[in-house]
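I have placed the structure first, in the form of structure tokens, so that the comments after it can refer back to it.
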Protein chains: 4
Amino acid sequence: MTTRKEQAEWRREQLLDAALAVFAAKGVDGASVKDIATAADVTPGLLYRYFDSKEALVETLLRERGFLPRLRELLTAGHTGRPARETLIDLLTAFDTLLADNADLVALFFGATRARPALAELTGEGQRLIGAFLDTQVDAGELRPHDTRTAARTLFATVAVNRAMRAPIDITALVGLLYPDER
Amino acid sequence: MTTRKEQAEWRREQLLDAALAVFAAKGVDGASVKDIATAADVTPGLLYRYFDSKEALVETLLRERGFLPRLRELLTAGHTGRPARETLIDLLTAFDTLLADNADLVALFFGATRARPALAELTGEGQRLIGAFLDTQVDAGELRPHDTRTAARTLFATVAVNRAMRAPIDITALVGLLYPDER
Amino acid sequence: MTTRKEQAEWRREQLLDAALAVFAAKGVDGASVKDIATAADVTPGLLYRYFDSKEALVETLLRERGFLPRLRELLTAGHTGRPARETLIDLLTAFDTLLADNADLVALFFGATRARPALAELTGEGQRLIGAFLDTQVDAGELRPHDTRTAARTLFATVAVNRAMRAPIDITALVGLLYPDER
Amino acid sequence: MTTRKEQAEWRREQLLDAALAVFAAKGVDGASVKDIATAADVTPGLLYRYFDSKEALVETLLRERGFLPRLRELLTAGHTGRPARETLIDLLTAFDTLLADNADLVALFFGATRARPALAELTGEGQRLIGAFLDTQVDAGELRPHDTRTAARTLFATVAVNRAMRAPIDITALVGLLYPDER
DNA sequence: CATGAATGAGAATTCATTCAT
DNA sequence: TATGAATGAATTCTCATTCAT
């Protein structure tokens, strides 16, 4: 037996799902509230019981569905014991996979960020996290001590842009470029 | 004394300027024809003497103002005599400057490319040109012979993304990352 | 207590009524959607909940309000027992009355038929039906055996044109012309 | 050597020709001033040197190109010596031909008469003229003395409507209907 | 005489949002 | 909770008309 609250929560998520799909497909401006309601199989009016406006839908998606938490979790997870080079490859692969799995969100982010600072925030955070990771490895003597901030930005940007362009890059080759296997 | 033809040409350019500025600021969907007309200090109706539709305005900007020709010119210019490493830095700097000088266009490209293949074309072309350049240098023994395609994509993506995010990168450091100064 | 469905149906009819009146008064091109909405005492936007476009409004009127079915019914109704001459008068009078009762529709037909084949269809059908009726009467020996097709076209055109011009004709005299009372 | 005045007159007629053709093809409302100017191979502005407005064009066409004068001339021409029945056939045939030769004008009349009383005037005049002719023939004992007014309206309406519907009628049969050849 | 740039008013249509049911 | 009728404001676009050149 589902309680009132559970049902409401379910409906809310369903509306967010529908909105995300429609926004990704048509862009925020190109998607009408009616489109979203139709996709969720409800009437436009109902949306307004759950969200104040179309804009509120976008903001909620950006806030609640943002993959920044998952990214942070990913990058700060302990990678003890394995060689830094392999860990870096795992890390970037996980990031790439995250982007691929959230293609709709990535599309929304790219389209919705003109007026909203969300993407800048995301990229900043991502670069910072990768940079921090690189620093620890350099300190541990596992990686060559060059400019880790530039390296972080390079790695992050390259993976992100090529995934966004739907032309994913070979991550092993990418890491090999910056941190050649010296053997 | 300006002839009718000159005056018409001037007006056309003015309208394109206004449209570009407004599109960059608000996005294509967010900008109304009235916005553009107001920015150009004319009546909306006048726009239709010069362009068939708002969409035609976008297409014209992408076609006539596209910086792809300038990019191509830049990348294929003869760089004889100087060390490859320095030429690469010059090249990427020029590319970065080009993007900076055309910030509005870059914004338009990013916003307008959902339905239009222009950006994909641009990135593809850019990466190809940089890759071709790297190949010649590797052949000449000036650069280390690693995966030039991946290197090209990395360089291009990094410069482009960081410029688009308005957080330009240190290009010397970037090149130093991929092609360390061995001395 | 009116249900939602009934209310919607009522609104739909009301909009068609308003549209017919406005179209008849100003012609299809001369009538704006705003005119129709004002006549129906609603907002222009509401029209689009019920009809896809102004053109759809015209088509719906021509289809749903067309008097062709009633005309057919009229002409094919059994007229047994009475003298053909009187029946013919009754018939044309009923036709004339039908046109008079649907003056707005007649006006719409005349104005809207430039691009639409509705009127041609109507006249063709009308002439055919009257012709068929005349044939049966001639076969029965009730009317003089002259060219019934020409007679039908003559009768139909005369009644229609004079009614359309709002100068109705004396139908008894008209019939008397073609089928003189021989007594 | 054409004088100024001749050239102006020529241009004026050219514009009227173009306007008539375009009005007939698209209807008065459907034709834009630009359409007419294009058809006349001039610019819209020039039209306003010759006519005050689009409406003035319509009125001028209706007034100057109206075939009422030619109709009157036709109907009042002396038809001495020939049998009334044949004269009537000649008359209606000429009328029918007149309509056929002026199909554009007929179309304009039908489309333009909603707000303008021109067509009513035309039909009234036409019927009166035919009626007057019939009267003289009845007085002369050439035709049977039935209701000449109804007969006139019948003949006129039948020819006009069937020509307007582009399904011209057999005029000899039509006259034979009203005034049977008694031999 | 002729052009065509420019305007202003208005056209059809869409859509986020509200609200009675 | 859910519906869907209704609104009002905005949007893209058209067009008769004017006027400087």
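Everything numeric in this text was worked out from a predicted model, so none of it was measured.
- Using a 4.5 Å heavy-atom cutoff, the side chains of D:L20 and D:L57 are not in contact.
- Residue contacts for C:A37: at a heavy-atom cut-off of 4.0 Å it reaches no nucleic acid atom on any strand shown.
- For B:I36 and F:dT12, the CD1 to P distance is 8 Å, given to the nearest whole Å.
- Between D:K54 and F:dA16, a side-chain N or O to OP1/OP2 separation shorter than 4.0 Å is present.
- Between the base of F:dT1 and the side chain of A:R4 there is no donor-acceptor pair shorter than 3.5 Å.
- Taking the side chain of A:V42 as heavy atoms from C-beta on, and the options E:dT17, F:dT12, F:dT3, the nearest nucleotide is F:dT3.
- End-to-end axis angle for the helix from E:dA2-F:dT21 to E:dT21-F:dA2, using five pairs per end and rounding to 10°, comes out at 10°.
- Under a 4.0 Å N-O distance rule, the pair C:D17/C:R12 does not qualify as a salt bridge.
- Out of F:dT3, F:dC15, F:dA5, the shortest distance to the side chain of D:S32 is found at F:dC15.
- Sequence order on DNA chain F of the closest nucleotides to C:G45 and B:P44 puts C:G45 first from the 5' end.
- A 4.5 Å side-chain heavy-atom check between B:V28 and B:K54 finds at least one atom pair inside the cut-off.
- Whole-Å rounding puts the C:R12 CZ to F:dA6 P distance at 14 Å.
- Rounded to whole Å, atom P of E:dT14 lies 17 Å from atom CG of A:D29.
- The two residues A:L108 and A:F23 come nearest to each other via the heavy atoms CD1-CB, 3.9 Å.
- Rounding to whole angstrom units, CG of residue D:D35 and P of F:dT14 are separated by 12 Å.
- Using a 4.5 Å heavy-atom threshold, the side chains of D:Q14 and D:W10 count as touching.
- One interatomic measurement links the two molecules: CZ of D:F51 to P of F:dT18, which rounds to 16 Å at whole-angstrom precision.
- Salt-bridge formation is detected for the pair C:E13/C:R65: a Lys NZ or Arg NE/NH1/NH2 atom is positioned less than 4.0 Å from an Asp or Glu carboxylate oxygen.
- Between B:V33 and D:D52, the one whose closest nucleotide on DNA chain F sits nearer the 5' end is B:V33.
- Judged by distance alone, the side chains of B:R4 and B:Q7 never bring a donor and an acceptor atom under 3.5 Å apart.
- Between B:Y48 and the phosphate of F:dC13, there is a side-chain N or O to OP1/OP2 separation shorter than 4.0 Å.
- The two residues A:A40 and A:L15 have their closest heavy-atom pair at CB-CD2, 3.7 Å.
- Looking at heavy-atom distances under 4.0 Å, B:A56 makes no contact with the nucleic acid at all.
- At whole-Å resolution of the value, CG in D:L46 and P in F:dC19 are 17 Å apart.
- With rounding to whole Å, B:L57 atom CG is found 10 Å from F:dC13 atom P.
- For C:Q7 and F:dA6, the shortest distance from a side-chain N or O to OP1 or OP2 is below 4.0 Å.
- In this structure, D:Y50 reaches the E:dA2 phosphate: one of its side-chain N or O atoms is under 4.0 Å from OP1 or OP2.
- Nucleotide E:dG4 holds its P atom 14 Å from the CG atom of D:L47, rounded to whole Å.
- Contact check, C:R49 against E:dT14: no side-chain N or O comes under 4.0 Å of OP1 or OP2.
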